Amino acid sequence: MSHPLIPAVIQLVREAGAAILPHWRAGVLVTEKADASPVTAADMAAHHILNDGLVALDSSIAVLSEEAADIAFDERARWSRWWLVDPLDGTKEFISGSEEFTVNVALIEQGRVVFGVVGIPANGRCYYGGAGLGAWRAEADGAEQPISVRLNPDEAFTVVASRRHTSPAQERLLEGLSERFGDLQLASVGSSLKFCQLAEGNADCYPRLAPTSQWDTAAAQGVLEGAGGEVLTLQGDVLTYEARESLLNPSFLALPVAVEWRAELIQLARALD
């Protein structure tokens, strides 16, 4: 991995994960943010480690974290390079006791993901990668191996999806995919792990036609792009992160770049837009 900041970011992600674990399955107190989404002491512990560590790593790079996102658009619009951070992605999974929660950190430059790191505190695994850099899975014991998307389905075309979020448009897209590929296999996974399943060749497509925020997707998008995948809007454009008033993403499709059915998927999605 050629980017000089990646090893330090992996270490910070692991430290944030270690700060989360004492709160996991421990009857953590849950409060609500202004948008009614849950937040816990674990979210805040990870946020402080990541924010302070990233500033110490390079104070010239701004930090936008889910837990400190109240930064005026006028200020964000001046950034050309910044960190996009979700200290605990999958808070609802975390609260329920599931292992499917992650720590996400992405470096953004001119609206594009340079690289992303996704850590899984429950098992110590990290995924990391970026476009032109490759992608890797690193285990808790330090063992690493490169990962890549698959270009052909296994026995069934596998669509990875959220346990909690769907929409009528997404259901119609699944119907269209079923007409093209036959019976679908649905892999329901929480947090940014959906992208990672795709990146390591365990699934074929991740459509998301329900709301997400920028910090939910950027780090794992970096991993997927390094593994030979892409994340597209329903118009077929790359999902980007230029400063804008809203921090919500449009609907998107995550898929391998070089599959023969790419154009068909985009056409199906455009019909729903």
Side-chain angles (χ1 to χ4, degrees), residues 9-10 12-21 23-25 28 30-33 35-51 53-54 63-69 82-108 113 115-130 135 137-138 160-165 187-200 203 206 208 210-225 231 239 241 247-249 252 254:
V9 175
I10 291 173
L12 284 172
V13 166
R14 292 195 183 281
E15 291 174 11
I20 288 170
L21 285 178
H23 302 276
W24 182 41
R25 298 176 175 171
V28 65
V30 181
T31 57
E32 280 193 355
K33 294 187 284 191
D35 64 358
S37 62
V39 64
T40 71
D43 296 77
M44 298 311 300
H47 162 72
H48 290 303
I49 286 171
L50 293 168
N51 185 79
L54 292 169
V63 180
L64 178 62
S65 168
E66 179 181 10
E67 307 310 335
W82 66 96
W83 299 106
L84 191 48
V85 176
D86 193 340
L88 202 170
D89 182 32
T91 299
K92 291 180 181 178
E93 281 76 15
F94 171 79
I95 292 167
S96 73
S98 167
E99 297 185 358
E100 295 176 354
F101 59 92
T102 60
V103 177
N104 301 338
V105 178
L107 179 62
I108 309 297
V113 181
F115 70 81
V117 178
V118 175
I120 310 173
N123 60 23
R125 179 176 292 167
C126 274
Y127 294 90
Y128 61 95
R137 185 180 68 218
V160 66
S162 171
R163 293 192 189 283
R164 301 176 183 274
H165 304 285
S188 186
V189 184
S191 71
S192 58
L193 292 173
K194 294 180 282 294
F195 289 95
C196 297
Q197 289 290 301
L198 190 58
E200 61 181 338
Y206 167 31
R208 182 61 179 248
T212 58
S213 295
Q214 291 186 349
W215 45 74
D216 294 322
T217 58
Q221 180 173 341
V223 174
L224 179 59
E225 289 177 345
V231 184
L239 180 65
Y241 297 88
L247 292 167
L248 293 177
N249 291 319
F252 62 79

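All of these numbers come straight from a predicted model, not from anything done at the bench. Computed over heavy atoms, backbone and side chain alike; hydrogens, waters and symmetry mates excluded.
Side chains of T217 and S192 form no contact here, defined as non-hydrogen atoms less than 4.5 Å apart. With a 4.5 Å cut-off on side-chain heavy atoms, V103 and P121 count as touching. Within the 4.5 Å cutoff, the side chain of V63 has no heavy atoms near those of the W82 side chain. Annotation: side chain of V105 is not in contact with side chain of L12 (no heavy-atom distance under 4.5 Å). Looking only at side-chain heavy atoms (C-beta outward), Y128 and V9 stay at 4.5 Å or farther from each other.
Summarising the geometry, atom OG belonging to S65 is positioned 6.5 Å from atom CG belonging to N51; distances are rounded to the nearest 0.5 Å. Once rounded to the nearest 0.5 Å, the distance linking CZ of F115 with CD1 of I108 reads 10.0 Å. In this structure, CG in L239 is found 5.0 Å from CG in N249, a value given to the nearest 0.5 Å. A distance of 9.5 Å separates OG in S96 from CZ in F101, rounded to the nearest 0.5 Å. The line from CZ of R137 to CD1 of I120 is 9.5 Å long, rounded to the nearest 0.5 Å. Taking CG of L193 as the reference point, atom CD of E99 lies at 10.0 Å (rounded to 0.5 Å).
Contact detail for A106 and V113: the closest heavy-atom pair is CB-CG1, 4.4 Å. Of all heavy-atom pairs spanning H23 and A41, the tightest one is CE1-CB, 3.8 Å. Considering every non-hydrogen atom in both T91 and P38, the closest pair reads CG2-O, 3.8 Å. Closest heavy-atom contact between A19 and I49: CB-CD1, 3.4 Å.
Not a single side-chain hydrogen bond (donor to acceptor under 3.5 Å, both in side chains) links D86 to another residue, sequence neighbours left out. Qualifying salt bridge (Lys or Arg N to Asp or Glu O under 4.0 Å) partners for R125, counting only residues two or more places apart in sequence or in other chains: E139. Partners of E67 by salt bridge (Lys or Arg N to Asp or Glu O under 4.0 Å), not counting sequence neighbours, listed by chain and number: K33. Looking at residues two or more places apart in sequence or on another chain, you find no ring pair (Phe, Tyr, Trp, His ring centres under 6.0 Å) involving Y241. Here Y127 pairs with nothing under the ring pair (Phe, Tyr, Trp, His ring centres under 6.0 Å) rule; sequence neighbours left out.
With W24 contributing its side chain and S98 its backbone, the two residues share a donor-acceptor pair below 3.5 Å. Listed for the T102 side chain is no donor-acceptor partner under 3.5 Å among the backbone atoms of N104. Checking side-chain atoms of R14 against main-chain N and O of G124 turns up a donor-acceptor pair under 3.5 Å. Side chain of T40 to backbone of V30: no donor-acceptor contact under 3.5 angstrom is found.
Residue pairs meeting the salt bridge (charged side-chain N to carboxylate O under 4.0 Å, His left out) criterion with at least one partner in residues 42-51, sequence neighbours excluded, do not occur; the list is empty.
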Could you please spell out the steps behind the side chain to side chain contact (heavy atoms under 4.5 Å, CB included) verdict for I20 and L88? CA-CA 8 Å; I20 288 170; L88 202 170; 3.9 Å; yes
Would V117 and V223 count as a side chain to side chain contact (heavy atoms under 4.5 Å, CB included) here? Give the steps. CA-CA 7 Å; V117 178; V223 174; over 6 Å; no
Is there a side chain to side chain contact (heavy atoms under 4.5 Å, CB included) between S213 and E66 once you walk through the steps? CA-CA 9 Å; S213 295; E66 179 181 10; over 6 Å; no
Could you go through V118 and C126, starting from their C-alpha distance and side-chain angles, then the distance that decides it, and tell me whether this counts as side chain to side chain contact (heavy atoms under 4.5 Å, CB included)? CA-CA 6 Å; V118 175; C126 274; over 6 Å; no
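Classified by interplanar angle (parallel below 30°, tilted 30° to 60°, perpendicular above 60°), the ring pair F252/F195 is parallel.
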